[in-house]
Protein chains: 2
Amino acid sequence: MPHNDRPATLRDVAAAAGVHPATASRALNPGTKLLVSEETAQRVAEAAERLGYRPNPVARSLRTRRSHTIGVLIPDLNNPLFPPIVRGLEDRLAKHGYVALIGNTDLDTTREQMVFDQMRARHVDGFVLATATLHNPILAEAAEADLPVVLMNRTAQGYPFSSVSVDNEQGERAAVDHLASLGHTRIGHIAGPQDVSTGVARLRGFFDGMDGHGLTVDDAQVVTATGYSIEEGLRCGRELLETNRDLTAIVAANDLLAVGCYGALDELGLRCPEDMSVIGFNDMPFIDRLRPPLSTVRFPHYKLGTEAADLLLERIEDADSPVKILYLAPELVARGSTVPLAATTSADDGRDDESRLAANTVPLRRGVARRKR
Amino acid sequence: MPHNDRPATLRDVAAAAGVHPATASRALNPGTKLLVSEETAQRVAEAAERLGYRPNPVARSLRTRRSHTIGVLIPDLNNPLFPPIVRGLEDRLAKHGYVALIGNTDLDTTREQMVFDQMRARHVDGFVLATATLHNPILAEAAEADLPVVLMNRTAQGYPFSSVSVDNEQGERAAVDHLASLGHTRIGHIAGPQDVSTGVARLRGFFDGMDGHGLTVDDAQVVTATGYSIEEGLRCGRELLETNRDLTAIVAANDLLAVGCYGALDELGLRCPEDMSVIGFNDMPFIDRLRPPLSTVRFPHYKLGTEAADLLLERIEDADSPVKILYLAPELVARGSTVPLAATTSADDGRDDESRLAANTVPLRRGVARRKR
DNA sequence: TTGTAGGCGTTATCAC
DNA sequence: GTGATAACGCCTACAA
């Protein structure tokens with residue numbers, strides 16, 4: 001009979017090799033293998049092989065209090081930004097015998113808490129959090145319970161958590177530099193939500209960049225989204241365009257916002273890039289397939305995942321390992337959505353006479369440039 | 001001291017309630033709660049609450065041989081087709097206390113086997129397979145081990161597995177109908193890989209549809225991709241266009257293939273939809289943002305996931321539950337990439353004189369229509 | 001209705 | 001170097 005229906009257990013292996021289960025255990029575990037004689041180790045290994053022995057991770061977990069499972073909290077897997085990151089995480093974790101439990105929070109606090117609790121109940125060995133808003137109860141909870149945590153694309157001051165994220169400030173500065181180098185001076189910004197660190201940092205990068213080129217920024221030139229979504233991009237794009245009739249370029253804090261902005265341009269009969277240059281952030285998959293292909297600031301998604309995994313594993317293996325704040329450098333990707341000012345239809349040229357803009361536009365107020373805080 | 005560092009165990013609860021652990025266990029489990037007096041049940045519940053008791057799922061799993069964990073094998077999370085499906089799965093599974101372990105196989109057989117083995121070792125309670133090629137060793141393995149399995153977007157004859165998929169044949173027929181109703185008669189097909197059921201079914205649907213309109217299909221009018229990817233779409237699109245100079249429409253077996261086909265058209269200086277109508281399959285997220293927005297055949301991704309979860313849970317709860325083959329109806333989504341033949345530049349109009357096509361085009365061979373097998 | 005006892009499969013800690 | 005023993009936390013016959 002080649003195949004017993006009950007899977008072979010350590011006892012079976014021990015019996016087959018004529019040793020005590022404890023010895024078999026030692027022989028099979030790399031860490032304790034050296035405690036056992038070469039010869040018996042061999043015998044046990046053969047027996048295990050022959051019986052098709054697979055250690056039962058559940059039993060092992062119960063004993064070692066290690067589940068080899070990592071909880072990963074992300075806003076929404078449907079956001080194309082995350083799949084590559086998650087793959088990076090999973091691939092790297094798998095290499096070390098860990099698996100990831102993915103939890104979608106939809107940025108809903110109660111849902112997030114639920115998922116978090118669920119995962120704690122399942123005794124995950126650590127967490128990767130990509131959802132943390134700046135002041136988040138689960139951060140405190142995790143800190144108090146001394147859980148290994150790595151923040152992804154988020155930073156949180158005041159907690160002893162490692163994090164890996166993009167240098168958002170530098171990235172957005174590069175976006176402004178790019179537009180400025182194309183000759184644009186009247187540049188609007190669709191800012192990300194200000195309760196997450198990326199939104200704050202990118203806004204700061206925008207101001208910095210403008211400042212660096214001696215460009216002033218009117219209050220009305222910045223519209224803040226309440227979330228990173230196409231809908232918010234549409235809303236903010238509308239507002240921005242209606243309030244600022246002389247813009248020639250828009251920096252969106254994220255690709256989805258930029259996509260929404262495309263829609264706003266469409267509505268107003270404006271074309272990108274002929275009438276308006278637009279640049280996003282993230283270089284989401286497929287964003288290069290839009291028409292026009294979106295210029296954006298790329299960061300290495302997959303690598304973000306692998307680095308986060310490394311940081312977390314490090315922390316799990318050694319609870320005293322130092323907290324590390326890792327920034328990955330972003331990279332500007334110029335595509336068809338940004339063109340030189342010279343190639344841009346002058347803001348005064350074709351707009352007014354075609355009265356494409358809504359009637360309730362307000363006169364442009366020129367204020368003092370807001371500075372980096 | 002409000003917070004003991006060691007989490008409360010069942011013994012602790014029992015002690016606090018002044019009962020035996022067994023009684024506490026019964027009181028806390030819905031199924032056995034009725035075996036215990038109302039009053040003690042109350043007392044135990046309070047104690048549990050007070051101590052913040054969380055049952056240890058690892059210990060429970062060891063005892064009950066249920067991990068409440070489901071293995072999900074998909075080709076690649078980066079394929080935008082899958083996130084919504086996976087979310088459907090996860091959401092529904094979570095509702096029943098299960099979590100999903102996602103495994104990316106990259107359609108690599110050895111990798112797939114590895115992931116499968118890993119998950120078996122972790123004692124998952126069942127599998128959802130979205131990767132199964134038509135003849136797949138893990139199907140046999142799962143069948144022999146009598147593992148609960150549900151196939152997703154795949155069907156496999158000869159195995160007692162439930163499955164949920166789209167009616168691919170009907171969907172592709174609808175695509176052909178759509179083009180035919182627009183007046184197109186010279187329609188090419190980029191077929192999906194023929195070792196997965198979707199590729200086969202959609203090809204059959206294509207032939208059926210053409211047949212239904214009395215349209216013949218030359219051998220050269222069908223080019224078969226080796227995988228569902230943009231690259232393959234590009235390659236097949238090139239081949240199709242070079243070999244068939246009079247096509248006015250192309251049916252791609254999948255959106256990614258269609259996107260690749262867009263690229264092939266670009267290369268040849270052909271425009272969609274002016275010179276060529278293109279239709280895809282899947283209605284991937286963001287595919288409506290392409291220029292032109294891709295006409296396609298939509299199916300309910302999220303629902304596919306939830307249905308698969310239901311089928312699997314049913315099978316897990318009751319091993320004797322009947323095998324169910326579930327088909328979800330697809331729906332045609334007409335967008336900008338398909339236009340009436342009347343609006344299409346005649347195939348002979350502008351192409352030859354601009355010699356956009358490669359020199360090595362072969363003369364069109366008209367053969368017998370291939371029929372449904 | 002509740003308590004007793006045993007075991008799920010593994011590993012840590014003793015002895016020998 | 002190896003064996004014996006206990007324990008991780010929970011559940012479930014069975015007995016009372």
Side-chain angles (χ1 to χ4, degrees), chain A residues 4-45 47-48 51-69 97 120-125, chain B residues 4-45 47-48 51-69 97 120-125:
Chain A
N4 297 322
D5 52 346
R6 204 177 47 74
T9 155
L10 189 56
R11 301 169 74 106
D12 302 336
V13 174
V19 297
H20 192 274
T23 306
S25 172
R26 285 188 275 256
L28 258 20
N29 280 65
T32 49
K33 189 173 184 175
L34 40 91
L35 295 179
V36 94
S37 87
E38 183 66 29
E39 186 220 1
T40 49
Q42 189 68 24
R43 207 145 33 90
V44 171
L51 299 182
Y53 170 71
R54 305 305 239 143
N56 182 332
V58 178
R60 176 176 287 170
S61 285
L62 182 59
R63 187 61 235 225
T64 62
R65 323 184 123 260
R66 282 280 177 89
S67 65
H68 286 260
T69 298
R120 283 204 65 183
R122 282 190 174 254
H123 287 193
V124 297
D125 294 338
Chain B
N4 298 321
D5 51 346
R6 203 178 48 74
T9 159
L10 191 56
R11 301 169 74 107
D12 302 335
V13 175
V19 296
H20 192 275
T23 307
S25 171
R26 285 188 273 255
L28 258 20
N29 281 64
T32 50
K33 190 173 183 177
L34 39 90
L35 295 179
V36 95
S37 87
E38 182 66 28
E39 185 221 3
T40 48
Q42 189 68 24
R43 207 145 31 90
V44 172
L51 299 181
Y53 168 70
R54 303 304 238 147
N56 182 330
V58 178
R60 176 177 283 172
S61 285
L62 182 59
R63 186 59 237 243
T64 62
R65 327 185 117 255
R66 282 281 176 87
S67 63
H68 286 262
T69 297
R120 281 205 66 181
R122 282 188 173 254
H123 286 198
V124 298
D125 294 337

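The analysis underlying the following values was restricted to heavy atoms, covering all of them including side chains, and did not include hydrogens, waters or symmetry mates.
- Considering only the side chain of A/Val19, D/dG3 comes nearest among C/dT10, D/dG3, D/dG9.
- Whole-Å rounding puts the B/Leu62 CG to C/dG7 P distance at 14 Å.
- Here the side chain of A/Arg65 is nearest to one of C/dT10, C/dG9, D/dC8, namely D/dC8.
- In this structure, the nucleotide among C/dT2, D/dA7, C/dG6 sitting nearest to the side chain of B/Arg63 is C/dG6.
- In this structure, B/Ala48 and B/Val13 approach most closely via the heavy-atom pair N-CG1, 3.8 Å.
- Closest approach to the A/Ser37 side chain among D/dG1, C/dG3, D/dG9 is made by D/dG1 (side chain taken as heavy atoms from C-beta onward).
- Although no hydrogens or angles enter the test, the distance criterion places no donor-acceptor pair under 3.5 Å between the side chain of B/Ser25 and the main chain of B/Pro21.
- Summarising the geometry of B/Tyr53 relative to B/Leu28, their closest heavy-atom pair is CE2-CD2, 3.8 Å, with the distance given to 0.1 Å.
- Computed from coordinates, the A/Asp12 CG to C/dT10 C1' distance equals 13 Å when rounded to whole Å.
- Across C/dT2, C/dG6, D/dA4, the shortest atom-to-atom separation from the side chain of B/Val36 is found for C/dT2.
- One finds the CG atom of B/Asn56 at 14.5 Å from the CZ atom of B/Arg63 (value rounded to the nearest 0.5 Å).
- Here C/dA12 presents its C1' atom at 12 Å from CG of A/Leu35, a figure rounded to the nearest Å.
- Distances shorter than 4.0 Å separate none of the side-chain N or O atoms of B/Thr23 from OP1 or OP2 on C/dT1.
- Of all non-hydrogen atoms in B/Gly97 and A/Arg122, the two that sit nearest each other are O-NH2, 3.3 Å.
- Contact annotation: A/Thr40 side-chain N/O to D/dG1 OP1/OP2 distance is not under 4.0 Å.
- Among the nucleotides D/dG3, C/dG3, C/dT10, the one closest to the side chain of A/Arg26 is D/dG3.
- Nearer to the 5' terminus of DNA chain C, by closest-nucleotide assignment, is the contact made by B/Arg43 (compared with the other of B/Arg43 and A/Ser25).
- Taking atom CG of residue B/Asn29 and atom P of nucleotide D/dG9, one finds them 17 Å apart after rounding to whole Å.
- Rounded to an integer number of Å, the gap from B/His68 NE2 to D/dC10 P is 14 Å.
- Considering only side-chain atoms of B/Ala22, the nucleotide from C/dG6, C/dA5, C/dA12 that sits closest is C/dA5.
- Note on A/Pro55: only backbone sugar-phosphate atoms sit closer than 4.0 angstrom, heavy atoms only; bases stay farther off.
- In this structure, A/Leu10 places its CG atom 14 Å from C1' of C/dA12, rounding to the nearest Å.
- Residue A/Thr9 places no side-chain N or O under 4.0 Å from the OP1 or OP2 atom of C/dG9.
- For A/His123 and D/dG9, the NE2 to P distance is 9 Å, given to the nearest whole Å.
- In this structure, the NE2 atom of B/His20 is 16 Å from the P atom of D/dA15, given to the nearest Å.
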